[in-house]
Amino acid sequence: MKREVERMIHEALGGLGLETRVQVDYPRDPRFGDYTTNAAMVMARELRTNPRELAQRMAQALDHPMIEKVEVAGPGFVNLFMKREWWYRGFSRVLREGEAFGDLDLGRGKRVQVEFVSANPTGPLHIGHGRGAAVGDSLARILEKAGYEVEREYYVNDAGRQIRVLGESIWARCMEMGGMEVAFPQDGYRGEYVIQLARRALEEMPQVMDLPKDEAVERLARWGAEEILKAIQSDLEAFGVTFHSWFRERTLYERDLVGEALDRLKEGGFIYEKDGALWFASSRLGDDKDRVVVRANGEPTYLASDIAYHALKADRGFHLLVDVWGADHHGYVPRIKAALEALGYDPEMLQVLLIQMVSLIKGGEKVSMSTRQGEFVPLAELVEEVGKDAVRFIFLTRKGDAHLDFDVDLAKSQTEENPVFYVQYAHARISSIFRTAAERGIPMPQTFHEVDLTPLELGEELGLIKKVLRFPHLIESMARSLEPHRLTYYLQELAAAFHSYYNHYRVLVEDQVLREARLALAKGVQVVVREGLRLLGVDAPHSM
RNA sequence: GCGCCUGUAGCUCAGCAGGAGAGAGCAGCGGACUUCUAAUCCGCUGGUCGGGGGUUCGAGUCCCUCCAGGCGCGCCA
């Protein structure tokens, strides 16, 4: 709807012989109208004219049957007040479109890949991964809603040294269980899950310990990583997160894509040798220093496969690549961008979302998290205790680049005070209204979008309608900024407006015309609440 | 030392490509259920937007600087 208003203003300006980009905003205060534009002030600078006078001329040129009145205010704002019919018309569209309301064609014909979580298969997912999962998954859903063709991918690091260390850790535990004294690997994984893996390994493939150590470690490493990956997949599923593809780092080597990428860099003159290692001259493209891609021992670094991986992604024809990373990897961004540029791609096609750390608060104290030390709260445990919905919602109640203190005790003990219930309750209440209406045998309108909405004259009712109608703009803004957290705030506001309305007025009134209009209003609110929750991966219950 | 992120109410945080007396939840105090679910609602209390400069008609938002916290700065991932 905002688009239409922009067009109106644009046309008005055209009539004045002015051409400019028009920015329309929603004013904070309803006294300043339904829409406002600062175009006069922006243009006044260029035209060296008085902004208020220009605003006056714009106001006079603005003429549309849906405009109630136009006011010039402050230093030169042009405020538009729309007729009620404007809002009723828009709301009827919500009722007609249902859950498709807010679908945009912003991304029409554009493919986007969102790569997220991508935790190494060396241990269970912890809460930090959960945050990345919540953000990545919601973002993917939002981009889909905005019309993009989205692919969700999980990059499985199944080829590095860390997998070997995992194998050594399991092997050491197996030996211990066999009563043998062995030194646990210095940087081994000490989590409880390794002991459980070792126990299962001995049950399922007891012969493995008869093999020479290297071979046994290799087998245990592969087997362990696969087992852990299965657990990760099921944890994510329980969290409501799915992927289209699980890309294995190992395939980059099997298809020799790493060598290929390095050759391409070499051809571009970005590779040189020093101290027996191969270096990527990333500093020529904005990085702080050059980086090793092949160690002196001939083993490629993690960066080498990551370059190959991103080159492959770029070749796959995506319009935009989104990587969701933990913020502790931020120093990595310039390297990957430099690599893309060196390979001839536009580095801007890659957008890296850095998700800041989640600090766990337990017993009032911060708990450090480390997969190696085995100190972490598994995501699955938290989901089980607090619930998928609450965990996902909380992870999305702040922007990704802010640290998140997750007080476990609080989340567990005060679930009633969680904002997610507040929003879900609004949805359940609306369902309850319709349930009650059915029980009482109150007839329902055949098609809600044909209901006469003009009885909705209350300020609260128009306020709800206007809030609902902002939903598409929110989708657009989130898709552009890649910031899904705004949705949680919008839903809380919408729920608050509804709860307040619910407490002051009744939907199921005697007057049929008014009742049907209010039922339609409730229906429309419910549609958007439900759709908003879906985008967050949160259930919308019909009763609570 | 260099780089990135953060600093807004007692606490946890919003503030949408700078816009019009700075918001929410929680905590505190006081009210509202014979009604469509009180996991709700209504009211009150609470702020030098870390400090200082600058740009602008206009700055929580942009620039510079300082302070505080977090995270990086490996032939680890």
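Throughout, a chain's letter reflects where its sequence line sits, starting with A, and its residues are numbered from 1.
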Classify A/Asp401 by what it touches in the nucleic acid, base, sugar-phosphate, or nothing, heavy-atom distance under 4.0 Å.
sugar-phosphate
Is any NZ, NE, NH1 or NH2 atom of the basic residue among A/Glu476 and A/Arg480 found under 4.0 Å from an Asp or Glu carboxylate oxygen of the other?
yes
From B/rU40, B/rC71, B/rC75, nucleotide with atom closest to A/Val292 side chain
B/rC75
Does B/rC73 have a Watson-Crick or wobble mate here (both distances under 3.5 Å), and if so which one?
B/rG1
Nearest nucleotide by nearest heavy atom, which residue falls closer to the 5' end of RNA chain B, A/Arg31 or A/Tyr422?
A/Arg31
Quick one: do A/Lys145 and A/Glu531 make a salt bridge, cutoff under 4.0 Å?
yes
Minimum-distance nucleotide (side-chain atoms of A/Thr301 versus B/rG74, B/rC71, B/rC75)
B/rC75
Tell me which nucleotide among B/rC41, B/rA77, B/rC75 gets nearest to the side chain of A/His499.
B/rC41
Is the phosphate of B/rA20, meaning OP1 or OP2, less than 4.0 Å from a side-chain N or O of A/Arg28?
yes
Distance test, side-chain N/O of A/Arg429 to OP1/OP2 of B/rC36, below 4.0 Å
no
Pair A/Glu226 + A/Arg222: basic N to acidic O under 4.0 Å:
no
Result for 5'-nearest mapping on RNA chain B, choosing between A/Asp290 and A/Gly74, is A/Gly74
Quick check on B/rA14: is either OP1 or OP2 less than 4.0 Å from any side-chain nitrogen or oxygen of A/Arg486?
no
Using the six-membered base ring of B/rA20, report whether A/Phe32 stacks on it, requiring centroids under 5.5 Å and planes under 30° apart.
yes
Pairing partner of B/rA68, by Watson-Crick or G-U wobble and under 3.5 Å for both distances, is B/rU6
In the strands shown, is B/rG25 matched to any nucleotide by a Watson-Crick or G-U wobble pair with both distances under 3.5 Å, and which?
B/rC11
Whether A/Phe77 stacks on the six-membered ring of B/rA20 base, 5.5 Å and 30° limits:
yes
With syn meaning chi within 90° of zero and anything else anti, the base of B/rG28 is anti
Check whether A/Asp275 reaches the backbone of A/Ala277 with its side chain - one donor and one acceptor, N or O, closer than 3.5 Å.
no
Nearest-neighbour nucleotide for the A/His403 side chain, B/rG21, B/rC36, B/rG70 considered:
B/rG70
Of the candidates B/rC75, B/rG19, B/rC36, the side chain of A/Met41 sits closest to B/rG19
Which nucleotide sits closest to the side chain of A/His330: B/rC71, B/rA20, B/rU35?
B/rC71
Counting distance alone, no hydrogens or angles: does the base of B/rA20 have a donor or acceptor under 3.5 Å from a partner atom on the side chain of A/Thr36?
yes
For B/rA59, give the paired nucleotide (Watson-Crick: N1-N3 plus N6-O4 or O6-N4; G-U: N1-O2 and O6-N3; both under 3.5 Å), or none.
none
Which label fits B/rA24, syn or anti, where anti is any glycosidic angle not within 90° of 0?
anti
Can you check whether A/Arg470 has a side-chain N or O nearer than 4.0 Å to OP1 or OP2 of B/rC16?
no
Among B/rA14, B/rC75, B/rC73, find the nucleotide with the atom closest to the side chain of A/Ala277.
B/rC75
Are A/Arg295 and B/rA77 close enough that a side-chain N or O sits under 4.0 Å from OP1 or OP2?
yes
Shortest side-chain distance from A/Trp279, nucleotide among B/rA20, B/rC75, B/rA14:
B/rC75
Just to be sure I understand the rule, does A/His329 reach a base, reach only the sugar-phosphate, or reach nothing, if contact means heavy atoms closer than 4.0 Å?
base
Return the pairing partner of B/rG47 with a 3.5 Å limit on both distances, Watson-Crick or G-U wobble; otherwise return none.
none
Can you tell whether the side chains of A/Arg161 and A/Glu299 come within less than 4.0 Å, N to carboxylate O?
no
